[in-house]
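The shown structure was predicted, so the numbers you read here are calculated from the model rather than taken from an experiment. Computed over heavy atoms, backbone and side chain alike; hydrogens, waters and symmetry mates excluded.
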Amino acid sequence: MKLPDTDISGFFGPCLDSGFESYNPPVQKAVIGVDLGGTNVRAGAFFEDGTPAGPSFSNSSRAQEGTDHIMDAVASTINQAVAASQAKPQSVGLAIPGHIDNAHGVVRWAPNFGHAENGVFVNWKDVPIREPLSRRIDLPIHMDNDANMAALGEYKFGTGRNKANCLVMLTLGTGIGGGVVMSPHSVLGDARGPLVLVGGNKGGVELGHVIISHNGADCNAGTYGAIEAYCQRDSIIRRAVHRINRGRTSIINDLVEGDLSKVNPRLISEAANQGDEVAIEVFEEVGEMLGVGIGNFINIFAPDVLAVGGQIAKAGDWIMKPAVKAARNVAIGSLFSDCHITIAEQIEDAGMLGGAALALEALKWKQN
């Protein structure tokens, strides 16, 4: 039997007229995170949960062409990210390698940026950054050390889950960076978190320069026996090349077709994955020295999360297993058992996410 046609439009009109409103989910805030490096400057828009609010952009940082050119490169990259963001960004956070004074908007010291005078490179010292950048972009600008910001990003958007009591992070690369982020639970007194440890003059927490072997190997900072001297990129390469030059047979030599100038940590890791003894020995030695440092940081900070980031961390268990073993023999037992030692989750975009985390925290400061 065919049912009669019925006009049902009237069933809905009264409902819409009686106070019911459609649900609009809250709009997430967006900020711009910037990773300023010695080769490139990268910028991207991020929401409050760390998810991208748009694509990221990368351009030459023009790091040795002088402050004006560097600021032009930074501003141009930021403006690209702003234009592509799904929501209007409210703030900018910059992660910059060096001694950064966010309160005054000044880079106190940075080795990779500057200009040439009479053929001699003059690096940044007490160079204003916020003021010249503010003339180029119309957003609040915040800045801090890249390793500290990588730690903050890992705390909020990575292994810290934005709730760790204390996270210590080491970044392994050309050098060794470090950062410490604490919740109010980790300090005595009235505090809000997360708290990024920066020291009295804002230049502290140089974990890579902690001495683990007095009068040991030298590093670029002019010290002897620092973690950086044993665990940074060139140190790892030298250990592998030294063994090969002493006549050890290694897959590494085949991977570079006999040109040892092409050896890098990624290839050493690839060789280790194929069971190469030289590669495995190198990572065991480097991991052991790293573990001594990790054990000391556990004793000092009592973290519940210790994350190892940077490109070299991609070696995974080859470097992490000997590091954990050494750390166990250095750290106080009760502190070691409460610490989760792991590879960082945010490696590729650590700088940008760290800058974004700083910008988001700055919005909270402004509200309070």
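- Atom SG of C219 is separated from atom CG of D234 by 11.5 Å, given to the nearest 0.5 angstrom.
- Using modelled atom types and a 3.5 Å distance limit, the side chains of N245 and H242 yield no donor-acceptor pair.
- Using modelled atom types and a 3.5 Å distance limit, the side chains of T159 and E345 yield no donor-acceptor pair.
- Formation of a donor-acceptor pair under 3.5 Å by the Q346 side chain with backbone atoms of A150 is not found in this model.
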- Evaluate the side-chain contact (heavy atoms from CB on, under 4.5 Å) criterion for residues T171 and I176: first the C-alpha distance (whole Å), next the side-chain angles of each, then the deciding distance (0.1 Å), finally the verdict. CA-CA 6 Å; T171 54; I176 306 295; 5.8 Å; no

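- Separation of atoms CG (D276) and CD (E270) is listed at 10.5 Å; rounding is to 0.5 Å.
- Not a single donor-acceptor pair under 3.5 Å links the side chain of D146 to the backbone N or O of A95.
- Rounding to the nearest 0.5 Å places CG of L170 at 11.5 Å from CD of E228.
- Side chain of S337 to backbone of S334: a donor-acceptor contact under 3.5 angstrom is found.
- Side-chain heavy atoms closer than 4.5 Å link hydrophobic residues (I, L, V, M, F, W, Y) into clusters, and following such links, possibly through other members, connects V292 to F297.
- Looking at H69 and R62, their side chains do bring a donor and an acceptor atom within 3.5 Å of each other.
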- Begin from the C-alpha positions of T223 and D218 and carry the test side-chain contact (heavy atoms from CB on, under 4.5 Å) through to its verdict. CA-CA 6 Å; T223 59; D218 64 324; over 6 Å; no

- Item | Criterion salt bridge (Lys or Arg N to Asp or Glu O under 4.0 Å) on R243 and E285, from CA distance to verdict | CA-CA 13 Å; R243 283 171 165 77; E285 290 179 359; 2.3 Å; yes

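- R136 contributes a side-chain N or O that, together with a main-chain N or O of P132, makes up a donor-acceptor pair within less than 3.5 Å.
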- Take R248 and E281, measure what salt bridge (Lys or Arg N to Asp or Glu O under 4.0 Å) needs, and give me the verdict at the end. CA-CA 12 Å; R248 294 285 298 277; E281 286 176 12; 3.0 Å; yes

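- Side chains of W318 and N273: a donor on one and an acceptor on the other come within 3.5 Å.
- Connection of I300 to M182 is established within a shared hydrophobic cluster, with ILVMFWY side chains joined at heavy-atom distances below 4.5 Å, either directly or through further cluster members.
- A heavy-atom distance below 4.5 Å is not found between the side chains of N40 and F57.
- To the nearest 0.5 angstrom, F157 atom CZ is 7.5 Å from D49 atom CG.
- Using a 3.5 Å distance cut-off with no hydrogens or angles, the side chains of R130 and N102 do pair a donor with an acceptor.
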